[in-house]
Amino acid sequence: MSLTRRDFARRSAITGAGVALAGSVGALATAPGALAAEETTEGGADPLGGGAPGYGPLVPDPDGLLALPAGFSYRVLTHSGRTKLETGEFTPSNHDGTATFEGPRGVTLLVNNHELSGPRSKWDHPVPLTDGLVYDPAASGGCTVVEVRRDGHVAEWVGIAGTATNCAGGSTPWGTWLTCEETEDKAGQNGMTKDHGYVFEVDPYDRRANRTPKPIKALGRYAHEAVVVDPKRGHLYLTEDADEPNGLLYRWTPPQGFEHGRGKLRALADDAGVLKAPKCYDSGGRFVDDLSRATKIGTVYGVDWVEVPDRDARTVPVREQFDDGDITRARKLEGMWWGDGGAYIVASYARDESPVQHDGQVWFYHPARRTLTLKVLLGVNQDPSKEGAFDSPDNITVSPYGGLVIAEDGNGIQHLFGATERGRTYPIARNELNAGTPEKPSYSEFTGVTFSPDGRTLYANIQTPGIMLAITGPWRRQRG
C-alpha cells in the first residue's frame, strides 16, 4: 500500500509527525559535545543536563597510530603488508566494512571487506585468488575472515576473491555477511571479465559455503555501499554511493513465501522480489527531491516506494532510470546499521550538486511508520585540518552503550566519534598515522566500525594501508 502525500499530511496533523522531534533546532554544530540548537542557554550551560557526553579528551599516541581517551588501549590485529593469511600471502590492503560474529569457545569472527578497484596490477596486496572462491580473476577486491581467539591468537583467510571495490556491506540475522561492490564496471571495463556492481554473501562459519561465488542479482546492479536486513519483514535496505545524479536508497521485498537463511539469497532468480526507491514527502504533503533539504534535527519525511524499471542496469544506470519528481535522492549515501527496530542511514556530505550543503546526516527509517527522521546533522566543517570538529560520517554502528559510533571519512583529521540519542557528538579515537609530510599531513579514513558480540571491544580499521584495530577501555552508558 502506497503512502500518498495526502495520507502523510493527514497523519502528521494528527500525530505531530513532521515537526522537529527535538524541538525547533538548527544544524548540529561540528564541535564535540555540541547540541543542535538555534541558541545555547545563558552562560553555555548544558541544556540537557548531566555534563558533556563521551570519555574525555584524546591522548596522543607515542607510537603515532591511534589517539584514545585516558584508560583506553588498542591492539593491531591485521596490517596489510605485515601480517599474513593462513596461506602465507600478506593481508590485503584497503580495509573497509566489517562485522563481528560469535564463534565457538570465546572466538570472535570478523568479516573484513577490502575496497580494491580495477585490475590487480594496481595494488601491491590484492585479495589472493584462492581456489574455488573467485568470481572474476581480473578483479582485486574481496573479503577476508579474521579469527580472534580468547588467548589472543589471530588467524586470517580469504572469504571471497575476484570482486571489486568491496565497500560497507552488512551482516544478516542468520549469521552471514553481505559484501557490496561499489562500482558499475561491466565486463570489458577497467580490465574486468565479468559484470560488477553486485552483492555477494559470505559465510564466516562455513568455508565450503563460499565456494563458487554467485552475485545476488535480485538486489540490483549499481554502486552498492551498505545493506541491512529487517528481521521482522524480510526486507533488505541498500544504499548507493553515486552522483551525477545523486544516488538512492533502495528497498528489496522478497517474493511471497520466501524464507531467509544461509545461502538462500544466492539461490534466488535474478528478477526475484521487487526493488524500489523512495519518494519522500514533508509534513505538508510536498514532494522532497533530495534529503539535503532537511536542515533541522528531528525533521520527518513520509516515504513511498517506487519500483525500479531495470534493476540490472543493462543499458541505463539504475539511478538514471527515474525522472526528476519520481524519487528522492541524496549525495554520498554510505553506511547503514539495523537497530532500534529500523535502519540508521548515513548521507556523508552534500555540496554544489545538492540543494543544501552539509557535512553529514544520519537518518532513521521506521518501517512500520514508513518515515525517515533526521537524527544527526553536521554543518559544513570550515577547516577539517583543525582538531575539534567532525565531518563526513561513513561506516556506522549502533553502540551497546547508547547512541551511535561513526567512522569519519572527510578531509584533514580523521576520527571515530560517538553521537548520543539526542544527536550530541564526542570523540572516541583519532588517526595519527600521517601518510603525508609534517608540512602537508594526510590521514586515511576510518572504516568498519563494529562492536564485539559481548560489547567489550570496538573494532575499526584505518583504510590505508589497511590496519584492523581492537579498542578496549572503560565503556559506559552515554546519555543526553
Side-chain angles (χ1 to χ4, degrees), residues 3 8-9 11-12 15-30 34-38 48 226 228 237 239 246-249 251 278-304 327-351 354-381 390-394 396-398 402-406 408 417-425 480:
L3 179 67
F8 182 63
R11 183 193 299 177
S12 300
T15 66
V19 301
L21 301 183
S24 179
V25 297
L28 179 64
T30 57
L35 172 69
E38 292 176 338
L48 296 177
V228 296
Y237 295 90
T239 50
N246 284 347
L248 300 171
L249 173 68
R251 185 189 71 184
K279 187 172 186 177
C280 298
Y281 305 96
D282 67 15
S283 59
R286 295 173 291 267
F287 168 66
V288 179
D289 62 337
D290 195 283
L291 293 181
S292 69
R293 296 284 186 188
T295 59
K296 294 182 178 181
I297 298 293
T299 296
V300 180
Y301 292 146
V303 182
D304 204 352
I327 39 75
T328 300
R329 302 183 184 276
R331 179 75 172 99
K332 291 291 290 181
L333 287 167
E334 297 270 7
M336 304 178 76
W337 200 271
W338 186 268
D340 304 322
Y344 288 92
I345 304 160
V346 171
S348 190
Y349 63 79
R351 290 295 183 265
S354 303
V356 181
Q357 296 190 16
H358 63 73
D359 252 339
Q361 296 176 326
V362 181
W363 293 85
F364 180 76
Y365 180 72
H366 194 299
R369 298 174 183 170
R370 281 181 291 164
T371 55
L372 276 168
T373 302
L374 185 59
K375 294 291 188 179
V376 176
L377 175 61
L378 303 178
V380 175
N381 185 356
F390 306 130
D391 60 80
S392 302
D394 195 325
I396 187 173
T397 191
V398 173
L404 305 169
V405 176
I406 301 168
E408 195 174 23
F417 66 95
T420 70
E421 294 170 0
R422 293 280 193 96
R424 304 178 74 203
T425 58

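Keep in mind that what you see is a predicted model, and the values were worked out from it rather than measured.
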Margin query: Donor-acceptor check, side chain of S354 to backbone of V356, threshold 3.5 angstrom: yes or no?
Written below: no
Notebook entry, point to check: When rounded to the nearest 0.5 angstrom, what is the spacing between SG in C280 and CZ in R293?
Noted result: 13.0 Å
Margin query: Looking at every heavy atom in both P355 and D289, which two are closest together, and how far apart are they?
Written below: CG-OD2, 4.1 Å
Item checked: Distance under 6.0 Å and angle within 45° of ring axis: K279 vs F287 -> yes
Margin query: Ring centroids only, cut at 6.0 angstrom: are W338 and Y344 within range, meaning strictly under it?
Written below: no
Next item on the list: Check for a donor-acceptor pair, side chain of S348 on one end and backbone N or O of P393 on the other, with a separation under 3.5 Å.
Entry: yes
Check: So do L404 and V398 actually touch side chain to side chain, heavy atoms under 4.5 Å?
Finding: yes
Next item on the list: Indicate, with yes or no, if the rings of Y281 and Y301 have centres closer together than 6.0 Å.
Entry: no
Next item on the list: Check the pair M336, L249 against side-chain contact (heavy atoms from CB on, under 4.5 Å), reporting the backbone distance first and the verdict last.
Entry: CA-CA 11 Å; M336 304 178 76; L249 173 68; 4.0 Å; yes
Notebook entry, point to check: Is there side-chain contact between R286 and V288, with heavy atoms separated by less than 4.5 Å?
Noted result: no
Notebook entry, point to check: Got a second to check how far D290's CG is from R331's CZ, nearest 0.5 Å?
Noted result: 10.5 Å
Checklist line | Evaluation steps, side-chain contact (heavy atoms from CB on, under 4.5 Å), between T239 and I345 | finding: CA-CA 8 Å; T239 50; I345 304 160; 3.9 Å; yes
Checklist line | Minimum-distance pair of heavy atoms, taken over all atoms of F364 and G339 | finding: CE1-O, 3.4 Å
Next item on the list: Calculate, to the nearest 0.5 Å, the distance between atoms CG and CG belonging to L248 and L333 respectively.
Entry: 7.5 Å
Note to self: Set out, in order, the CA-CA distance, both residues' side-chain angles and the distance that settles side-chain contact (heavy atoms from CB on, under 4.5 Å) for I396 and V405, then state yes or no.
What the structure shows: CA-CA 6 Å; I396 187 173; V405 176; over 6 Å; no
Margin query: Which heavy atom of A330 sits nearest to which heavy atom of N246, and what is that distance?
Written below: O-CB, 3.5 Å
Item checked: Pairs touching residues 334-349 that satisfy salt bridge (charged side-chain N to carboxylate O under 4.0 Å, His left out), sequence neighbours left out -> K332-E334
Checklist line | Heavy-atom pair with the smallest gap, counting every atom of D359 and G379 | finding: CB-O, 3.3 Å
Check: What's the shortest heavy-atom distance between F417 and L378, and which atoms?
Finding: CZ-CD1, 4.0 Å
Checklist line | Atom pair NZ (K375) and CD (E421), whose distance is rounded to the nearest 0.5 Å | finding: 8.5 Å
Next item on the list: Show the numbers, then the answer: is there a side-chain contact (heavy atoms from CB on, under 4.5 Å) between V300 and H366?
Entry: CA-CA 10 Å; V300 180; H366 194 299; over 6 Å; no
Margin query: Nearest 0.5 Å, please: how far is OH in Y349 from CG in D391?
Written below: 10.5 Å
Item checked: Approximate separation, where rounding is to 0.5 Å, of L291 CG and L372 CG -> 6.5 Å
Note to self: When you compare the side chain of H358 with that of L377, does any pair of heavy atoms fall below 4.5 Å?
What the structure shows: yes
